[in-house]
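For reference, the structure discussed in these notes is given below.
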Amino acid sequence: RAKELGNSYAFYNPEIGALPERRFSMERELRRALERNEFELFFQPQIDLATGNCVGAEALIRWRHPEKGLILPDQFIPVAESTGLIVPMGAWVIRSACPHLKSWREAGMAPLRLTVNVSVKQFERGGLIQTLESSMRESGVDSRLLEIEVTESVLMQHPMASDTLRELSRMGILISIDDFGTGYSSLSYLKKLPVYKLKIDRSFVTTLPVDPDMLAITTAIVTMGSALRLKTIAEGVESREQLDILRRLGCDEIQGYYYSRPLPNDTFMTWVREKST
Ligand code: C2E
Ligand code: CA
Ligand code: CA
Ligand code: CA
């Protein structure tokens, strides 16, 4: 086992989970990385299918490790979740996201929405509303430009989540359901909670052109979304073919490698400028 994990990048193996001692040393490393400010946000554009304009971005965390280089979230988010470190890490994400929104406006870019991923743990431990409130206040950003992505499991695992979501909605923050269709939850919450957007999971989009079942599921989500007056966005769009199908179905927005990978801030700003000229 030690040998399997010998590769310095393999902090976490989704098949076996992190070994206890491995988990412990990684927890220490993550804590130190937070103190030393080694995390960074990348931004992936979200495109309005009707106009072709970039209308927003998803903030995705990266760890710029001093020796190991850029580490992707799959390598550390699971440990952060299981140790509770995702709470301060998630607060860091929110506090970092807001000044970016402000600097994009100051640089003369058209207003973009920025969406951040919020973990179920951030709902459990509280502090989410205060973190969002103080971050928006300090950077003076319009709450309507800030969006959060939660998975269906948040709504199922945490009974208080619906109160928090209602409060966030009152603050003007938009709420998207991430990985929609993979959570096996009841659909009744869509009517009860202030949901703004459904994010169609990449697993449905990936096989869209060839798999009739995935096409049926995607069609059903887009149709239901529009009947319930919810916006729909598809993630993981990699080809023109997938884009054309989604456009035909009436999906509102897309995000994926077809347009752009997640980009560091300066590259993202250049990308948006070039796209809009
Ligand atoms: P997610 O929220 O489902 O994010 C989408 C992931 O799909 C991102 O991976 C993105 O780079 C990738 N992706 C986007 N377009 C394409 C495409 O066309 N093809 C393919 N193959 N992949 C695409 P990433 O950045 O590695 O993030 C992985 C997961 O880590 C995220 O999945 C999310 O669950 C988690 N994560 C990332 N940042 C944060 C964060 O700040 N907080 C929390 N709690 N979780 C985060
Ligand atoms: Ca997401
Ligand atoms: Ca997703
Ligand atoms: Ca996903």
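Index from 1, following the sequence. All values below were derived from every heavy atom in this structure, side-chain atoms included, with hydrogens, water molecules and symmetry-related copies excluded. Treat the numbers as computed from the prediction; the structure is a model and nothing was measured. Whatever order the structure lists them in is the order used to number ligands and atoms, beginning at 1.
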Numbered atoms of ligand 1 (with element) below 4.0 Å of Asp74, judged on heavy atoms | 28 (C), 29 (C)

Exactly one of Leu249, Val222, Ile254 clears side-chain contact (heavy atoms from CB on, under 4.5 Å) with Ile200, and that residue is Val222

Please indicate whether any nitrogen or oxygen in Glu149 is less than 3.5 Å from any nitrogen or oxygen in ligand 1.
-> no

Are any of the N or O atoms of Glu81 closer than 3.5 Å to those of ligand 1?
-> no

Does an N or O anywhere in Gln122 fall below 3.5 Å from an N or O of ligand 1?
-> no

Counting from 1 in the order shown, the ligand 1 atoms closer than 4.0 Å to a non-hydrogen atom of Glu235 are 3 (O), 5 (C)

Does Arg62 approach ligand 1 within less than 4.0 angstrom via side chain, backbone, both or neither, non-hydrogen atoms only?
-> side chain

Which of the numbered atoms in ligand 1 are below 4.0 angstrom from a heavy atom of Asp179?
-> 3 (O)

Please indicate whether any nitrogen or oxygen in Tyr258 is less than 3.5 Å from any nitrogen or oxygen in ligand 1.
-> no

Do Asn117 and Glu58 have side-chain N/O donor and acceptor atoms under 3.5 Å apart?
-> yes

Residue Asp201, metal the Ca ion (ligand 3), N/O/S under 3.0 Å = no

Check for a donor-acceptor pair, side chain of Gln44 on one end and backbone N or O of Ser260 on the other, with a separation under 3.5 Å.
-> yes

Which is it for Met89 and ligand 1 at heavy atoms under 4.0 Å: side chain, backbone, both or neither?
-> neither

Is the shortest distance from a heavy atom of Glu58 to ligand 1 less than 4.0 Å?
-> yes

Have a look at Asp179 and say which of its N, O or S atoms is nearest the Ca ion (ligand 3).
-> OD1

Indicate whether the side chain of Ser176 and that of Glu149 have a donor and an acceptor atom separated by less than 3.5 Å.
-> no

Evaluate whether atom CZ of Arg247 has more than 12 neighbouring non-hydrogen atoms of other residues, nucleotides or ligands under 6.0 angstrom away.
-> yes

With rounding to 10 degrees, Asp178 OD1, the Ca ion (ligand 3) and Glu235 OE2 define an angle of 120°

Answer yes or no: does an N/O atom from Val93 fall short of 3.5 Å to an N/O atom of ligand 1?
-> no

Atoms of ligand 1 under 4.0 Å from any heavy atom of Asp178, numbered from 1 in the order shown, are 2 (O)

Could you tell me how the ring of Trp271 sits relative to the ring of Tyr259: parallel (under 30°), tilted (30 to 60°) or perpendicular (over 60°)?
-> perpendicular

Rounded to the nearest 10 degrees, what's the angle OE1 of Glu149 makes with OE2 of Glu58 at the Ca ion (ligand 2)? Could you check?
-> 90°

Lys275, NZ atom: more than 12 neighbouring heavy atoms under 6.0 Å | yes

